[in-house]
Protein chains: 2
Amino acid sequence: MPDMPRVVVLGAGFGGIGAAQKLRDAPVHLTIIDRNDYHTFQPLLYQVATDELEPTAVGSPIRDLLHRHDSMVFHKCAVKSIDLAKKQVLVEEMSPVEYDYLVLALGATVNFHQTPGAAEHSFPLYTMKDAIRLHDHILKKLEEVDKNPALVDEGALTFCIIGGGPTGTELAGAMSELLHTELKADYPNLPIDEARVVLYEHSPAVLAHFKPKLQEYARRALEDRGVEVHTGTGVVEVTAEEITLAGGDKVKTQTLIWAAGLQANPLTKSLGVELAPGGRVPVGPDLQVKDHPQVFAIGDMASMTDGKTGQPLPGLGAVALQAGHHVGKTIEQLVAGEATTPFKYFDKGNMAQVGRGAAVVELPTGGTLTGSIAWLAWLGVHLSLLSGAEEKTSVFVDWGWNLLTHKRGKRILLCDDDSDDA
Amino acid sequence: MPDMPRVVVLGAGFGGIGAAQKLRDAPVHLTIIDRNDYHTFQPLLYQVATDELEPTAVGSPIRDLLHRHDSMVFHKCAVKSIDLAKKQVLVEEMSPVEYDYLVLALGATVNFHQTPGAAEHSFPLYTMKDAIRLHDHILKKLEEVDKNPALVDEGALTFCIIGGGPTGTELAGAMSELLHTELKADYPNLPIDEARVVLYEHSPAVLAHFKPKLQEYARRALEDRGVEVHTGTGVVEVTAEEITLAGGDKVKTQTLIWAAGLQANPLTKSLGVELAPGGRVPVGPDLQVKDHPQVFAIGDMASMTDGKTGQPLPGLGAVALQAGHHVGKTIEQLVAGEATTPFKYFDKGNMAQVGRGAAVVELPTGGTLTGSIAWLAWLGVHLSLLSGAEEKTSVFVDWGWNLLTHKRGKRILLCDDDSDDA
């Protein structure tokens with residue numbers, strides 16, 4: 001099949017996986033490139049950090065896509081740059097990869113907004129490694145206090161989060177539950193009641209994109225779980241020992257989790273096209289890059305607007321997945337010489353979990369749900385989003401186990417390089 | 001309860017956990033110290049390396065022991081030395097820990113027998129980190145060949161194992177199965193049929209401690225699975241590119257797994273007692289250290305003989321666990337001023353899995369089993385050995401899943417520090 005067009009998909013997040021799923025039976029040579037060999041189910045990373053799920057429950061092998069698909073290739077390597085003129089991608093460890101169609105789905109990196117010390121001392125939560133690193137950091141702080149209780153006064157058990165969006169809000173609720181249930185039992189001799197979870201949001205309310213009544217519910221639910229919520233408060237400096245708030249106050253903490261914004265993968269700069277705010281790649285209604293009809297950009301890397309409403313689309317996994325499916329279909333249509341259609345996002349609603357059995361849901365109809373019904377909806381939608389049967393199973397098993405026993409993951413340090421076995 | 005005796009257990013392997021289990025309701029202050037916060041189910045580490053089980057399935061949280069036991073304390077830290085005269089243990093990050101009764105259960109380290117290059121370039125399989133490191137190394141080699149097939153001629157897909165005991169034999173069978181089933185599907189474009197698994201054993205037969213008919217069965221089962229078995233062959237030098245065999249032949253390989261012997265944890269040298277071969281601590285029939293009736297040594301750290309037969313006891317998890325239980329009971333008896341009894345090992349038989357559905361079992365009666373019946377016995381005994389209900393469950397789930405679907409773990413690189421997310 002020498003004359004089949006070459007499609008290269010960069011990134012195996014929701015966008016890239018969506019495109020690959022649509023293209024796996026198309027008459028093309030499909031090459032997927034990602035720096036990791038697994039797809040990350042990002043909406044649940046905060047549950048890896050808080051031991052509610054094991055990493056393998058939210059990381060699924062990209063190579064599973066290859067089974068029984070001979071014209072599909074995956075390479076685990078980092079992308080160095082993209083040459084739109086030569087139609088090739090420069091990657092590490094390999095010769096350049098040439099394409100006829102290119103899908104840019106390399107996601108984002110954390111945006112620290114030039115906050116001094118944030119890059120060095122804060123804990124982002126965007127990648128699997130971020131989640132494992134935060135998970136291990138939390139346990140290490142408890143082990144340190146176990147050996148030296150005086151560290152509590154140094155903020156060793158003060159866990160701060162900046163950013164009251166879904167990530168920060170969901171993480172705050174889960175961390176508070178983790179600290180005051182499982183970890184309280186694991187560390188019986190620790191002053192765990194002195195542990196604090198503090199959520200800072202610079203805007204006036206958490207979950208800014210939700211309706212006010214849901215914002216209020218979420219705030220109450222967090223406070224019921226012992227989370228200190230400070231809205232209208234930003235963080236202006238970060239060190240290993242403390243953070244400085246916009247008002248000038250300093251808070252002793254050894255853990256600042258950064259959930260306050262993303263920017264497009266810096267590789268967008270190598271494209272030589274004019275970028276939208278946040279370094280995102282502007283795309284047309286077919287998700288095509290201006291002047292490059294065979295190049296598509298989707299997900300956190302792109303600035304997408306809805307083909308129906310013309311409104312900018314939010315940075316959600318569901319949006320990226322649908323965009324990926326659309327791009328896959330579009331490429332298939334272009335290869336077949338058929339007409340293409342603009343991308344229309346099918347809104348399944350907006351939801352966030354604030355704690356076990358407590359969530360907020362904004363339905364596409366405009367209606368809202370809260371509490372355990374909302375939480376079940378949240379559970380259902382996330383399970384339906386999961387990419388593979390095996391993942392569904394393992395997440396079901398883990399979640400089922402947690403719900404039945406109110407017990408979480410193993411709370412152990414497997415990737416802890418500090419502890420030496422030798 | 002100020003006047004309760006202080007019992008310190010060093011190490012949370014089978015021996016330490018066994019002692020802790022017996023002592024958890026005894027009238028003592030119990031302190032457990034381990035450098036990791038998890039107990040490792042060592043007999044199945046090779047299944048972590050070969051992706052048959054997830055690390056969390058064979059690592060169980062030590063702190064689970066503390067739930068509902070107020071007089072029990074666990075500290076995650078490394079032991080620096082033991083002062084039998086002052087009756088205290090020197091540990092990192094904490095002031096010395098004093099004891100009235102001490103249980104030495106710190107296990108072993110790998111014995112490279114002064115083989116040049118072995119410590120630097122070979123892959124032991126004794127700890128969880130060893131298993132994860134080997135697991136990741138195998139996948140990295142496949143990723144390298146995926147990008148540069150010429151590396152096959154450099155031995156990138158030649159996986160060598162030295163040591164034909166249970167660990168080496170079980171690993172060889174599992175690795176060959178992994179390579180020719182799951183990984184063959186994961187890397188459709190790789191010359192995976194050129195991948196080799198080579199097992200070297202310096203003695204005349206694999207599974208030296210088993211009956212000859214079982215040794216022959218095991219060898220056949222390995223060869224049926226594509227493993228190259230070389231008995232009467234040792235490894236005399238190791239580099240990153242090749243190994244040198246006793247006969248002088250050199251074999252190009254980038255993976256030598258070291259399953260050829262252990263020696264006691266070097267901390268035994270700090271005891272100031274005369275040591276047995278392998279640096280092990282000699283103990284009396286009550287597992288007490290000579291001249292130190294309140295100090296016990298068990299498991300891979302000790303040289304134990306059977307109280308009934310006077311024969312030296314093998315380095316098995318079952319032996320260490322029973323020895324731990326006996327020591328726990330003995331300490332309880334000493335505290336209560338009761339008489340103690342010598343340790344008698346209850347032999348449940350000797351078994352090894354050579355591959356899926358193939359195992360060898362030597363019954364205490366002298367009888368033998370092979371094939372799938374032996375494998376079911378192997379499965380049952382290992383599950384009964386697992387320490388906690390949750391572990392049993394998760395292992396059951398993983399195993400059940402594997403058996404039904406012939407599918408393994410996630411085959412992904414979660415602790416891979418080479419791949420940078422940022």
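Order of the sequence lines sets the chain letters (A, B, ...), proteins ahead of strands, with each chain counted from 1.
Both the backbone and the side chain of A:Ala185 come within less than 4.5 Å of a heavy atom of chain B. Only the side chain of B:Asn189 comes within less than 4.5 Å of a heavy atom in chain A; its backbone stays farther off.
Your options are A:Met94, A:Glu93, A:Glu143, and the one with the most heavy-atom pairs under 4.5 Å with chain B is A:Glu143.
Relative orientation of the B:His113 and B:Trp258 rings is tilted, given thresholds of 30° and 60° on the angle between their planes.
Checked against ring pair (Phe, Tyr, Trp, His ring centres under 6.0 Å), B:His137 has the following partners two or more places apart in sequence or in another chain: B:Phe123. For B:Tyr126, the ring pair (Phe, Tyr, Trp, His ring centres under 6.0 Å) test picks out no residue, with sequence neighbours left out.
Residue A:Lys184 forms a side chain to side chain contact (heavy atoms under 4.5 Å, CB included) with just one option from A:Leu190, A:Asp193, A:Leu178, and that option is A:Asp193.
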